[in-house]
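The first residue in the sequence is number 1, and the count goes up from there. Start at 1 and go down the list; that is how both ligands and their atoms are numbered.
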Amino acid sequence: MVRSRRDKIRMTTAIAHPNIALVKYWGKQNKTLNHPASPSVSITLDSLTTTTKVATSTETRLVLNGKRIEDLKVANFLDLFRQQFGLPPVSVETDNNFPTGAGLASSASGFAALVTALSEHFQLGLNLSTLSEWARRGSASSARSIYGGFVTLQGPDWRADQLAKESHWELEICIIVTNEGPKKISSTTGMKSSEATSPFYLEWIKTADSDFEIAKKAIVERDFMKLSEVAEQNCLKMHSVIHTSQPAISYWAPGTVSAMEQVREIRNAGTPAFFTMDAGPQVKVIYPRQCRAIIQKSLEELKNVRLIWASIGPGAHLV
Ligand code: ADP
Ligand code: DP6
């Protein structure tokens, strides 16, 4: 009796971290399989965390940050996953320790933690590559959060791979949170609009392979200058595509521009650092660990922002 009750309430917990793309994808080549239109390379963060608990249940339900919600993206994913493996309904309780839907890649850590917990809970024995495939079906950037360190996502199979471990290069990240609220246009919707309407979309896709190769080489060779140049320009190209969508989209806030300027000033004064932004107003500053004190002093001058500090972190794992 005790045993069956315990089985019924057995929960499996997994943790995953968001990742920041240094060369980004923005656009899909296959919407059913959720294949990006171009390759990307990212770093996984350590201090930002999604913790997800799954349990077998009588109905499929999602509790996100303490609130029961209906989320189409998660619901569709759970239907697909359960159908594929013939699974019963599941209860999912998940918490992000950072703003959700605000351009800090909660979808990436969210689906990576979910597939890791599901695979263990139902003893599916999925390897990392297959977990990455499933995470991508939930949200393409999530494929990369299965791995720690420096991670690539490219065709033809669109499963992520680890390019280098966390310890390969002592880089750190400061996230300048300029607006904690959720974005008005999701990444999925925003990129669909850019594909269809931005006059720069095809140009963006044309230079993607070359940006990807340059960034990979810079990471392998620990060439900070090269990585700075390609990552910052890649980010600005993506936002140009976004800004020139019709109707125009902007994920930036006034604080985004001030933060970008502050990073340029840091660099002009001789400290290596670069910025990148995803589909949200937060500015992520990447710098070599030994420069932390100077970076901190300078970024603390910014008004009306919250700073979140991170190092390069591990892949999704069970608790
Ligand atoms: P972000 O920039 O944070 O990735 P998106 O709008 O791209 O924002 O993604 C937000 C979506 O990601 C949510 O609507 C939900 O579908 C999913 N998501 C966020 N957090 C979690 C989580 N902890 N577990 C599962 N899915 C999550
Ligand atoms: C700007 O992977 O979140 O962060 O697959 O539709 O969920 P969906 O989109 P998502 O978009 C990520 C966009 C980006 C760039 C990147 O992470 O490469």
Original post:
Can any side-chain N or O of R61 pair as donor or acceptor with the backbone N or O of R68 at less than 3.5 Å?
Top reply: no
Original post:
So how far is it from M260 CE to T276 OG1, rounded to the nearest 0.5 Å?
Top reply: 10.0 Å
Subject >> Exercise: do H17 and T50 side chains pair donor with acceptor under 3.5 Å >> reply: no
Subject >> Proximity flag R136 to ligand 2, non-hydrogen atoms under 4.0 Å >> reply: no
**OP:** Please confirm whether L64 comes within less than 3.5 Å of ligand 1 when only nitrogen or oxygen atoms on both sides are compared.
**Re:** no
Original post:
Would you say N97 has more than 12 foreign heavy atoms packed within less than 6.0 Å of its CG?
Top reply: yes
Subject >> Heavy atoms from other residues, nucleotides or ligands near CD of E180 exceed 12 (cutoff 6.0 Å) >> reply: yes
Original post:
Between R82 and T60, is any side-chain donor less than 3.5 angstrom from a side-chain acceptor?
Top reply: yes
Subject >> Heavy atom of the protein closest to atom 26 (N) of ligand 1 (residue, atom name, distance) >> reply: V74 CG2, 3.5 Å
**OP:** Decide yes or no on ring pair (Phe, Tyr, Trp, His ring centres under 6.0 Å) for Y287 and F224, but give the supporting numbers first.
**Re:** CA-CA 8 Å; Y287 57 90; F224 193 84; 8.6 Å; no
Subject >> K28: numbered ligand 2 atoms lying under 4.0 Å from its heavy atoms >> reply: 5 (O), 6 (O), 8 (P)
**OP:** Please indicate whether any nitrogen or oxygen in S107 is less than 3.5 Å from any nitrogen or oxygen in ligand 1.
**Re:** yes
**OP:** Using a strict cut-off of 4.0 Å, indicate which atoms of ligand 1 neighbour a heavy atom of T50.
**Re:** 23 (N)
Original post:
Which atoms of ligand 2 sit under 4.0 Å from any heavy atom of M238?
Top reply: 1 (C)
**OP:** Distance to 0.1 Å, residue and atom name: give those for the protein heavy atom nearest to atom 5 (O) of ligand 2.
**Re:** A140 N, 2.8 Å
Original post:
Where's the contact between S139 and ligand 2, heavy-atom distance under 4.0 Å: side chain, backbone, both or neither?
Top reply: both
Original post:
Can you tell me if CD on E59 sees more than 12 non-hydrogen neighbours from other groups inside 6.0 Å?
Top reply: yes
Subject >> Contacting atoms of ligand 1, where contact means under 4.0 angstrom from a heavy atom of L104 >> reply: 2 (O)
Original post:
Any idea which protein heavy atom is nearest atom 16 (C) of ligand 2, and the distance to it?
Top reply: R144 NH2, 3.4 Å
Original post:
Who gets closest to atom 6 (O) of ligand 2 by heavy atom: T188, I20, L22?
Top reply: T188
Original post:
For ligand 2, which atoms, with element, lie under 4.0 Å from some heavy atom of K73?
Top reply: 6 (O), 7 (O), 8 (P)
**OP:** State, yes or no, whether a side-chain contact exists between V177 and N179 at a heavy-atom distance under 4.5 Å.
**Re:** no
Subject >> Polar proximity ligand 2 side, N34 side, N/O cut 3.5 Å exclusive >> reply: yes
Subject >> Shortest protein contact, atom 15 (C) of ligand 2 (heavy atom only) >> reply: Y25 O, 3.3 Å
Original post:
Taking N or O atoms only and a 3.5 Å limit, does N19 qualify as a polar contact for ligand 2?
Top reply: no
Original post:
With a 4.0 Å heavy-atom cut-off (strictly under), which part of S187 contacts ligand 2: side chain, backbone, both or neither?
Top reply: side chain
Original post:
Quick check: does S141 get an N/O under 3.5 Å from an N/O on ligand 2?
Top reply: yes
Subject >> Closest to atom 21 (C) of ligand 1 (judged by heavy-atom distance), picking from P18, S106, A102, A117 >> reply: S106
**OP:** Look at atom 7 (O) of ligand 1 and say which protein heavy atom is nearest, naming residue and atom and giving the distance to 0.1 Å.
**Re:** S187 OG, 3.4 Å
**OP:** Give a yes or no on this: more than 12 heavy atoms of other residues, nucleotides or ligands lie within 6.0 Å of atom CD of Q290.
**Re:** yes
Original post:
Would you say the side-chain atoms of K73 and S107 include a donor-acceptor pair closer than 3.5 Å?
Top reply: no
Original post:
Backbone N or O of A160 within a donor-acceptor pair of the S132 side chain at under 3.5 Å?
Top reply: yes
Original post:
Taking both backbone and side-chain atoms of N96, is any N or O found less than 3.5 Å from an N or O belonging to ligand 1?
Top reply: yes
**OP:** Find all atoms of ligand 2 within a distance of less than 4.0 Å from any non-hydrogen atom belonging to M191, and give their numbers and elements.
**Re:** 9 (O), 11 (O)
Subject >> NZ/K226: more than 12 non-hydrogen atoms of other groups inside 6.0 Å >> reply: no
**OP:** For residues I249 and S193, determine if any side-chain heavy atom of one lies less than 4.5 Å from a side-chain heavy atom of the other.
**Re:** yes
Original post:
Would you say W26 has any N or O atom under 3.5 Å from an N or O of ligand 2, going by distance alone?
Top reply: no
Original post:
For Q282 and A102, which heavy atoms make the closest approach, and how far apart are they?
Top reply: NE2-O, 3.0 Å
Original post:
Do E195 side-chain atoms and K28 backbone N/O form a donor-acceptor pair below 3.5 Å?
Top reply: yes
**OP:** Return yes if a side-chain donor-acceptor contact under 3.5 Å exists between R144 and N19, otherwise no.
**Re:** yes
Original post:
Between the main-chain N or O of F98 and the side-chain N or O of N96, is there a donor-acceptor pair closer than 3.5 Å?
Top reply: no
Original post:
Going by the atom numbers of ligand 2, which of them fall below 4.0 Å from some non-hydrogen atom of K24?
Top reply: 15 (C), 18 (O)
**OP:** Could you tell me which atoms of ligand 2, counted from 1 in the order shown, lie closer than 4.0 angstrom to a heavy atom of A21?
**Re:** 16 (C), 17 (O), 18 (O)
Original post:
What do you reckon, does K183 have a nitrogen or oxygen under 3.5 Å from a nitrogen or oxygen of ligand 1?
Top reply: yes
Original post:
Among D71, L114, T189, N76, whose heavy atom sits nearest atom 14 (O) of ligand 1?
Top reply: D71
Original post:
Would you call G280 a ligand 1 contact, heavy-atom distance under 4.0 Å?
Top reply: no
Original post:
Counting each atom of ligand 2 from 1 as listed, which ones have a heavy atom of S107 under 4.0 Å away?
Top reply: 3 (O)
Original post:
So does Q233 have more than 12 non-hydrogen atoms from other groups sitting under 6.0 Å from CD?
Top reply: no
Subject >> ring pair (Phe, Tyr, Trp, His ring centres under 6.0 Å) partners for F81, two or more places apart >> reply: F77, F85, W134
Original post:
Going by the atom numbers of ligand 1, which of them fall below 4.0 Å from some non-hydrogen atom of K73?
Top reply: 16 (O)
**OP:** Report yes if some N/O of T100 lies less than 3.5 Å from some N/O of ligand 1; otherwise report no.
**Re:** no
Subject >> Residue, atom name and distance, where the atom is the protein heavy atom closest to atom 4 (O) of ligand 2 >> reply: D278 OD1, 3.5 Å
Original post:
Of all the heavy atoms in G103, does at least one lie under 4.0 Å from an atom in ligand 1?
Top reply: yes
Original post:
For atom 8 (O) of ligand 1, what's the nearest protein heavy atom and its distance?
Top reply: G101 CA, 3.2 Å
Original post:
Against heavy atoms of T94, which atoms of ligand 1 measure under 4.0 Å?
Top reply: 22 (C), 23 (N), 24 (N)
